[in-house]
Amino acid sequence: MGISFERNELIAIVKLANAMIAADGKVEENEMSTWVMEMERLGVDRDDFPGLFTESENLSFVDALTTVSGFDEERKKYVGAFLGALMIVDGNIDDDEVKLWQLTSTFCNLPTMTVAEALEYMADL
């Protein structure tokens, strides 16, 4: 994968991913495994993930949005697609997940895409 992120950027992505996973009020095992596998694809060692998660808990949501809004277009597209894919991984798209995806996309100026486009983008990586 040709996309890379600095540690502080990964922490912001983890913050947003955690919010997406929790948006429907339940955390499914397949959501967590997808999240961890995606972090591994980005070069995060499985043993380092708990540290990133802890650091993300100390980052405000506003700071995470600010960080992601500064990404270039390619990395913004990745974040939008990743959040969209997380939304559907449990087999159910909750209204609160859709709202969070839309608000995050608006605040961070992420490219507009459908869930199908997000899944296609992630599959093509």
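Just so it is clear, the values below take in all heavy atoms, side chains as well, and ignore hydrogens, waters and symmetry mates. None of the values given here were measured: they were computed from a predicted structure.
- Here Leu52 contributes atom CG and Met39 contributes atom CE; the two are 8.0 Å apart, rounded to the nearest 0.5 Å.
- No side-chain donor-acceptor contact under 3.5 Å links Trp101 to the backbone of Val115.
- Between Leu86 and Thr34, the shortest heavy-atom distance links the atoms CD2-CG2, 4.2 Å.
- Judged by distance alone, with hydrogens and angles left aside, the side-chain atoms of Glu120 form no donor-acceptor pair with the main-chain N or O of Glu117 at under 3.5 Å.
- Under the 4.5 Å side-chain contact rule for hydrophobic residues, Leu100 and Ile93 share a cluster.
- Under the 30°/60° scheme for interplanar angles, the aromatic rings of Phe5 and Phe71 are found to be tilted.
- Follow the hydrophobic side-chain contacts under 4.5 Å out from Val79 and you reach Phe49 in the same cluster.
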Verdict with reasoning, Arg75 to Glu9, per side chain to side chain contact (heavy atoms under 4.5 Å, CB included): CA-CA 10 Å; Arg75 296 185 314 151; Glu9 295 170 336; 2.8 Å; yes
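- Within the 3.5 Å criterion, the main-chain N or O of Glu40 finds no donor-acceptor partner in the side chain of Arg46.
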Might you work through the side chain to side chain contact (heavy atoms under 4.5 Å, CB included) test for Gln102 and Val98, ending with a clear yes or no? CA-CA 6 Å; Gln102 290 171 336; Val98 173; 3.7 Å; yes
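- Tyr121 is not listed as a side-chain neighbour of Phe82, based on a closest heavy-atom distance of 4.5 Å or more.
- Looking at Lys77 and Glu74, no side-chain N of the basic residue comes within less than 4.0 Å of a carboxylate O on the acidic one, giving no salt bridge.
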Evaluate side chain to side chain contact (heavy atoms under 4.5 Å, CB included) for Phe107 paired with Phe61, printing each intermediate quantity in order. CA-CA 11 Å; Phe107 290 140; Phe61 196 76; 5.9 Å; no
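- Met37 and Ile3 are assigned to two separate hydrophobic clusters, defined by single-linkage of ILVMFWY side chains at heavy-atom distances under 4.5 Å.
- Ala85 and Ala118 make their closest contact through N-CB, 4.3 Å (heavy atoms, listed as atom of the first residue, atom of the second, distance).
- Distance check, rounded to the nearest 0.5 Å: CG of Leu42 to CG of Leu125 gives 9.0 Å.
- Other residues, nucleotides and ligands contribute more than 12 heavy atoms inside 6.0 Å of the NZ atom of Lys76.
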Listing, residues 14-27 side-chain donor-acceptor contacts under 3.5 Å, not counting sequence neighbours, or none:
unit_1, atom_1, unit_2, atom_2, d
Lys15, NZ, Ser56, O, 3.3
Lys15, NZ, Leu59, O, 2.8
Asn18, ND2, Glu57, OE2, 3.2
Asp24, OD1, Lys26, N, 3.1
Asp24, OD2, Lys26, NZ, 3.2

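- Minimum heavy-atom separation, Val44 to Leu10: CG2-CD1, 3.6 Å.
- How far CD of Glu97 is from CD1 of Ile88: 8.5 Å, rounded to the nearest 0.5 Å.
- Atoms CG and CD, on Asn109 and Glu73 in that order, are 6.5 Å from each other to the nearest 0.5 Å.
- In this structure, Leu83 CG and Met113 CE are separated by 9.5 Å, a value rounded to the nearest 0.5 Å.
- Note on Arg7 versus Asp48: salt bridge recorded, some NZ/NE/NH1/NH2 to OD/OE distance being below 4.0 Å.
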Going through the distances and angles, do Tyr78 and Glu38 end up as a side chain to side chain contact (heavy atoms under 4.5 Å, CB included)? CA-CA 11 Å; Tyr78 167 81; Glu38 193 57 32; 2.7 Å; yes
